[in-house]
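A short write-up of the structure that comes next.
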Number of protein chains: 2
Amino acid sequence: MTDNPPMSSAGLRRDMEILEILAGHGDERDADGFGVSWIAQRLGREKSQVSRALRGLEIEGMVERDPLTRRYRLGWRLFALAARTEQSRLVRISAPYVRRLAAAFDEDAYLCVLRGNMVLTLLSVPSSRAYHRVWEGVSVPVIMAAAGRSLLAEWDEERVRELLGTILPAGLDGSVGGSDEWLKELDHVRTAGYAVSDVELDDSEAGVSAPVRDHRGLITAAISVSVTRAASLGRLHEIGVSVAETARELSCALGDGKSAWRRPD
Amino acid sequence: MTDNPPMSSAGLRRDMEILEILAGHGDERDADGFGVSWIAQRLGREKSQVSRALRGLEIEGMVERDPLTRRYRLGWRLFALAARTEQSRLVRISAPYVRRLAAAFDEDAYLCVLRGNMVLTLLSVPSSRAYHRVWEGVSVPVIMAAAGRSLLAEWDEERVRELLGTILPAGLDGSVGGSDEWLKELDHVRTAGYAVSDVELDDSEAGVSAPVRDHRGLITAAISVSVTRAASLGRLHEIGVSVAETARELSCALGDGKSAWRRPD
DNA sequence: AAAACATGGTGCAACTAGCGCAACACTAGT
DNA sequence: ACTAGTGTTGCGCTAGTTGCACCATGTTTT
């Protein structure tokens with residue numbers, strides 16, 4: 001039951017668990033936060049412990065408390081710190097490109113990076129139509145994300161299999177048609193410059209993605225468009241070419257580093 | 001030497017100090033992170049302490065380390081958590097409005113909130129011209145921020161004086177023409193709906209701001225435009241009216257809560 | 001109203017985990 | 001090799017965290 005030597009300190013771990021709880025699933029009505037007892041029960045920890053930890057986190061601004069309901073939410077400090085991350089810089093530069101993509105096809109567009117065997121969505125631009133759940137900050141297993149193929153496009157087949165092995169046994173098997181078929185798709189990214197996946201999360205019909213490279217040419221991110229409109233289904237190739245081109249432009253913008261960034265529109 | 005009763009635990013405090021160091025000033029070349037010894041010295045703590053703390057923070061994803069330079073930066077977890085904050089929701093809804101404002105006058109536009117006696121910038125949209133330093137996540141004393149007047153517009157004079165007292169003695173006196181003059185400006189916000197400040201941070205010539213209200217009509221944020229072009233100086237009133245109108249529209253959008261948000265453009 | 005049941009916070013002894021010192025690997029400059 | 005720097009680890013000692021109990025407020029029953 002005890003974890004391996006590479007383990008963070010007990011206090012930090014507890015705090016992180018609390019923050020993760022407060023992050024919630026995002027799509028629920030947990031917008032007004034959570035109470036101490038509920039968190040303690042969900043964590044299997046003492047109320048007192050959680051109460052004291054939350055007080056400390058509040059002082060530091062990591063969480064904030066509604067004065068009326070006495071419930072806790074994630075705090076402003078997280079926002080302030082996050083603005084200084086490398087991911088934030090990436091989003092800042094990419095946003096105009098991803099927005100342009102979303103506007104061009106009136107579909108949801110995303111910017112994602114690889115984190116372990118998960119795909120983390122950094123930016124999601126909804127289409128003009130329905131209200132869409134917030135995907136920013138959400139991690140999804142590589143096989144299930146539209147951007148997954150683009151992010152792993154240039155990995156060795158062996159390493160890809162290894163990575164897939166870490167999630168396939170525990171993951172669902174309905175939405176993934178075997179890892180062999182999945183691997184074959186990686187070739188398509190290398191040749192065509194974009195990937196098309198037919199089964200996706202949410203209510204989308206298909207996903208189109210393309211890799212984004214840093215100044216050294218390595219794939220560091222991916223942009224994707226999740227196709228939900230029936231009218232777009234016939235244009236998958238056209239969308240793919242557009243996504244790939246946008247990804248290429250974005251890669252150039254990232255390569256420039258600190259130079260002035262032009263709006264693409 | 002011992003701090004007051006309201007104090008977070010030692011471990012958490014240390015971790016927060018480290019994160020704050022890693023956040024840096026943003027405008028320097030600290031983009032490639034900081035080393036253990038440098039952080040330890042800057043904090044007046046033991047190297048070993050910092051080393052171990054950073055390892056824990058890295059495991060939790062709060063910081064990440066460049067494998068080559070072995071320097072630490074803020075991590076992806078902060079970004080993921082921040083996306084779930086209330087501030088993030090505010091930015092998501094406000095972004096189109098602030099962008100429209102920035103495009104209309106081709107000047108930098110901001111979204112700010114009040115945090116203690118500081119103004120925290122949540123969103124900064126640069127003009128099309130020069131490269132601009134990143135203001136997101138930066139806190140500035142109320143008197144020095146363009147949005148300060150708008151954020152305090154409907155406070156009791158007594159409470160405002162009290163708040164200003166907490167920073168004036170320690171603050172600079174060059175950029176603020178006395179608190180009396182400052183207070184008089186608050187009236188202007190209440191009547192005209194926007195504030196104009198002549199002296200600002202950075203290389204701007206003036207700042208125009210207007211208050212944003214939540215569904216209960218309380219001021220929860222402010223948007224502002226920092227005027228740097230000489231050509232805009234003669235249009236301060238015109239800009240003010242536009243900023244106030246945009247703030248009003250944004251307030252309505254926030255009031256709708258979860259309803260679908262239309263793009264203002 | 002009082003009872004019953006919540007939730008959030010506190011005092012205190014036992015104990016564990018973090019602290020600082022020092023010594024250790026490791027890379028890089030002269 | 002020497003020096004000088006960085007980052008990591010072992011270990012005794014101390015300080016901070018833990019968990020139990022109890023208490024202080026609200027909120028729902030009966």
Side-chain angles (χ1 to χ4, degrees), chain A residues 1-22 24 29-75, chain B residues 1-22 24 29-75:
Chain A
M1 267 312 182
T2 56
D3 280 18
N4 297 25
M7 185 180 175
S8 66
S9 73
L12 176 58
R13 172 87 76 165
R14 170 181 43 73
D15 292 344
M16 293 306 302
E17 285 176 359
I18 290 178
L19 291 179
E20 207 56 53
I21 292 267
L22 289 178
R29 60 282 162 192
D30 46 31
D32 48 335
F34 304 94
V36 172
S37 297
W38 195 87
I39 299 172
Q41 185 183 343
R42 201 142 175 336
L43 251 56
R45 290 178 186 271
E46 271 294 317
K47 287 186 310 178
S48 60
Q49 204 180 141
V50 175
S51 174
R52 286 190 260 244
L54 278 169
R55 192 195 324 180
L57 288 170
E58 187 188 16
I59 291 173
E60 300 296 343
M62 300 294 277
V63 303
E64 44 195 22
R65 169 177 242 179
D66 189 306
L68 272 98
T69 66
R70 311 202 60 170
R71 283 156 172 267
Y72 286 99
R73 289 183 271 111
L74 294 179
Chain B
M1 267 314 181
T2 58
D3 279 21
N4 297 23
M7 185 179 174
S8 66
S9 74
L12 176 58
R13 172 87 78 168
R14 168 181 44 73
D15 292 345
M16 293 306 302
E17 285 175 359
I18 290 177
L19 291 178
E20 205 57 52
I21 294 268
L22 289 178
R29 60 280 163 193
D30 46 31
D32 48 335
F34 304 93
V36 172
S37 297
W38 195 88
I39 299 172
Q41 186 183 343
R42 198 133 174 348
L43 252 56
R45 291 178 184 271
E46 271 294 314
K47 286 187 309 178
S48 60
Q49 203 181 141
V50 175
S51 174
R52 283 190 263 245
L54 278 169
R55 190 197 327 184
L57 288 170
E58 187 188 16
I59 291 173
E60 300 297 344
M62 299 293 276
V63 303
E64 43 195 23
R65 171 176 242 181
D66 189 307
L68 273 99
T69 66
R70 310 201 53 159
R71 284 157 171 265
Y72 285 99
R73 289 183 272 112
L74 295 179

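In the text below, chain A, chain B and the rest are named by the order of the sequence lines, each starting its count at 1.
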Requested in this report: Select base, sugar-phosphate, or nothing to describe what S48(B) touches, counting heavy atoms under 4.0 Å on all strands.
Outcome: base

Query raised in the report: So what does R45(A) hit on the nucleic acid, given a heavy-atom distance under 4.0 Å: a base, only sugar-phosphate, or nothing?
Result: nothing

Report summary line: Between CD of E46(B) and C1' of dC11(D) the distance, given in whole Å, is 14 Å

Query raised in the report: CG of L54(A) versus C1' of dT10(C): gap in Å, rounded?
Result: 16 Å

Query raised in the report: Between G11(A) and T69(A), who's closer to the 5' end of DNA chain C by nearest nucleotide?
Result: T69(A)

Query - Most 5' of R71(A) and A10(B) on DNA chain C, judged by nearest nucleotide - result: R71(A)

Report task. To the nearest 0.5 Å, tell me how far R55(B) CZ sits from Y72(B) OH. Result -> 8.0 Å

Query raised in the report: Quick one: do E58(A) and R65(A) make a salt bridge, cutoff under 4.0 Å?
Result: no

Does any non-hydrogen side-chain atom of [Y] lie less than 4.5 Å from one of [X]?
{"X": "I18(A)", "Y": "L43(A)", "answer": "yes"}
{"X": "K47(B)", "Y": "Q41(B)", "answer": "no"}
{"X": "M16(B)", "Y": "L12(B)", "answer": "yes"}

**Report entry** Positions of residues 35-43 of chain A (non-hydrogen atom under 4.0 Å from DNA chain D), listed by number
**Finding:** none

Query raised in the report: Between the base of dG19(D) and the side chain of R52(A), is there a donor-acceptor distance below 3.5 Å?
Result: yes

Report summary line: Per atom distances to the Q49(A) side chain, the nearest of dG9(C), dC21(C), dT18(D) is dT18(D)

